[in-house]
S.K.: 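Input: one structure, supplied below.
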Protein chains: 2
Amino acid sequence: MGLRERKKEKTRLTILDTALDLFLEQGYESTTVEQIAGAVDVSPRTFFRYFTSKDHLALWFHDHGEEIMLAALESRPADESPFSSLMHALRALVSDLEESTPEESARFLKLRRLLEDNPRLTGQSVARCARTEELLAAVVAARRGTDPADDRLAHLIVAFAMSTLRVGLECPRREGSLPEVTERMAETIALAERSLRPGWDLG
Amino acid sequence: MGLRERKKEKTRLTILDTALDLFLEQGYESTTVEQIAGAVDVSPRTFFRYFTSKDHLALWFHDHGEEIMLAALESRPADESPFSSLMHALRALVSDLEESTPEESARFLKLRRLLEDNPRLTGQSVARCARTEELLAAVVAARRGTDPADDRLAHLIVAFAMSTLRVGLECPRREGSLPEVTERMAETIALAERSLRPGWDLG
DNA sequence: TAATCTATGTCAGCGCATGACACATGACAA
DNA sequence: TTGTCATGTGTCATGCGCTGACATAGATTA
């Protein structure tokens with residue numbers, strides 16, 4: 001990895017961390033892009049080259065999480081039931097969180113607090129999850145040998161799985177250290193698995 | 001209802017219908033608020049007094065749907081299991097759709113097409129649903145005698161129910177007359193009910 | 001009719017976001 | 001090392017969404 005790429009990655013994280021601190025300090029709405037850019041000493045224009053929007057900052061982890069889930073799902077055996085595979089993908093997400101560096105953990109917890117304080121961002125977060133749902137549904141439909149646009153069961157399977165993820169991460173929203181969050185996430189996965197009829201996702 | 005109120009309601013619907021037609025004709029992004037306001041012959045400022053944002057236009061039905069679901073949920077017997085009550089609330093939504101006037105139906109179908117063509121709006125729609133989820137979760141938690149902020153099962157129940165709603169309405173997205181949509185919705189509700197273990201939501 | 005309320009228009013301004021262009025700095029081969 | 005190319009960055013200009021403040025015209029009530 002060349003100097004260029006390393007520098008870019010560093011700038012991206014600097015922007016993110018700086019913005020996060022500003023948000024938590026003085027509020028999301030009352031922090032302008034100009035201000036963030038100024039604090040990192042880049043032009044506002046450059047900010048938008050790293051993050052497509054101000055909201056995008058808050059959804060940073062979603063990009064990463066999506067990759068993890070997709071990779072985990074693809075790596076599951078093809079004959080495993082779709083919902084089980086998705087639950088394993090969720091567990092992969094939890095593992096990734098548990099193995100994250102202190103910096104990453106700190107970022108994650110800050111992001112979580114940010115979302116908690118800003119309903120609008122929570123909404124954006126859910127919307128971002130919906131995009132992930134589309135991708136996952138396509139994979140599940142492929143495994144089922146159906147057309148993703150038609151396969152209602154595939155969508156329902158994925159929607160239930162993503163519901164599990166959201167509830168596990170967001171409920172209860174307040175506080176919580178990283179181990180507490182991952183622990184709750186694991187519990188929620190177990191709860192979801194207990195709640196559904198065995199084989200319901202094989203229709 | 002005085003002249004004032006009637007006129008307001010009429011203006012609101014005129015704005016909505018005009019905007020909807022403009023959107024479908026020339027695209028959502030490339031239609032400006034100024035243009036919509038011009039077409040209805042009101043000032044842009046007035047537009048924002050009727051709709052809090054341009055996106056709000058596309059989420060118009062959500063406000064209505066939310067009311068229906070909440071009312072239906074409240075009217076269910078307190079000893080019914082939460083998920084069953086929610087499924088009844090969904091059926092109430094379907095009934096409302098079936099009984100809607102031709103104008104309302106047309107609006108609904110146009111909105112659906114609009115959402116289909118604009119992923120960003122689909123996202124906003126999901127985000128709006130998340131807000132409804134919060135309200136429903138509070139009601140369910142109240143029935144269960146728990147703190148809504150803590151009750152993960154309550155959130156999971158509601159999330160599963162809203163997943164059912166979304167999948168039923170959006171999958172498949174393309175085309176579809178109103179009877180087709182309501183029929184698919186009914187099927188999806190039945191599918192969800194079949195998929196879950198009886199009594200799973202009573203823990 | 002007079003007194004009030006309220007919906008609307010006007011104006012001014014902020015913040016987010018994007019395209020175009022010029023410049024500088026890292027990458028890479030001769 | 002040096003020259004060339006690719007790419008990241010700043011500057012400038014602009015458009016659009018959205019909001020506050022204030023004045024006015026029209027509806028409402030007495």
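Chain letters run A, B, ... following the sequence lines, proteins first, then strands; residues in each count from 1.
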S.K.: Would you say B:Tyr28's side chain and B:Asp55's backbone share a donor-acceptor pair under 3.5 angstrom?
M.R.: yes

S.K.: When you measure from every atom of DNA chain D, which of residues 29-36 of chain A have a heavy atom less than 4.0 Å away?
M.R.: none

S.K.: Starting at CD of A:Glu9 and ending at P of D:dT7, how long is that distance when rounded to a whole Å?
M.R.: 17 Å

S.K.: Could you check whether any side-chain N or O of B:Thr11 sits under 3.5 Å from a backbone N or O of B:Lys7, counting only pairs where one atom can act as donor and the other as acceptor?
M.R.: yes

S.K.: Do side-chain atoms of B:Ser163 reach the backbone of B:Ala159 as a donor and acceptor pair under 3.5 angstrom?
M.R.: yes

S.K.: By nearest atom, which of the nucleotides D:dG8, C:dG9, C:dC16 is closest to the B:Val42 side chain?
M.R.: C:dG9

S.K.: By the 4.0 Å heavy-atom rule, please label B:Tyr50 as base, sugar-phosphate, or nothing.
M.R.: sugar-phosphate

S.K.: Just one of A:Leu86, A:Asp201, A:Leu73 clears the side chain to side chain contact (heavy atoms under 4.5 Å, CB included) bar with A:Val158, so which one?
M.R.: A:Leu86

S.K.: Would you mind reading off the distance between B:Ile15 atom CD1 and C:dA7 atom C1', rounded to a whole angstrom?
M.R.: 12 Å

S.K.: Tell me: NZ of A:Lys10 to C1' of D:dT9, nearest whole Å?
M.R.: 17 Å

S.K.: When the distance from CG of A:Leu57 to P of C:dC16 is rounded to whole Å, what number comes out?
M.R.: 11 Å

S.K.: Please confirm whether the backbone N or O of A:Arg120 pairs with a side-chain atom of A:Asn118, one donor and one acceptor, at under 3.5 Å?
M.R.: no

S.K.: May I have the distance from A:Phe47 (atom CZ) to D:dT11 (atom C1'), rounded to whole angstrom?
M.R.: 18 Å

S.K.: For every nucleotide of nucleotides 18-30 of chain C, 5' to 3': is a protein heavy atom under 4.0 Å from its base (B), only from its sugar-phosphate (S), or from neither (-)?
M.R.: BBB----BBS---

S.K.: My understanding is that only one of A:His62, A:Glu67, A:Glu66 makes a side chain to side chain donor-acceptor pair (under 3.5 Å) with A:Thr132; could you say which?
M.R.: A:Glu66

S.K.: Look at the rings of A:Phe51 and A:Phe47 and say which category their plane angle falls in: under 30° parallel, 30 to 60° tilted, over 60° perpendicular.
M.R.: tilted

S.K.: Whole-Å distance between D:dG15 P and B:Lys54 NZ?
M.R.: 16 Å

S.K.: Please check the phosphate of C:dG9 (OP1 and OP2 only) for any side-chain N or O of B:Ser43 closer than 4.0 Å.
M.R.: yes

S.K.: With a 3.5 Å distance limit and no angle check, can you tell me whether A:Arg107 reaches the backbone of A:Phe61 through a side-chain donor-acceptor pair?
M.R.: no

S.K.: Between A:Gln124 (CD) and C:dC16 (C1'), how many Å, whole number?
M.R.: 13 Å

S.K.: Salt-bridge test for A:Arg91 and A:Glu193: reply yes if a basic N is under 4.0 Å from a carboxylate O, no otherwise.
M.R.: yes

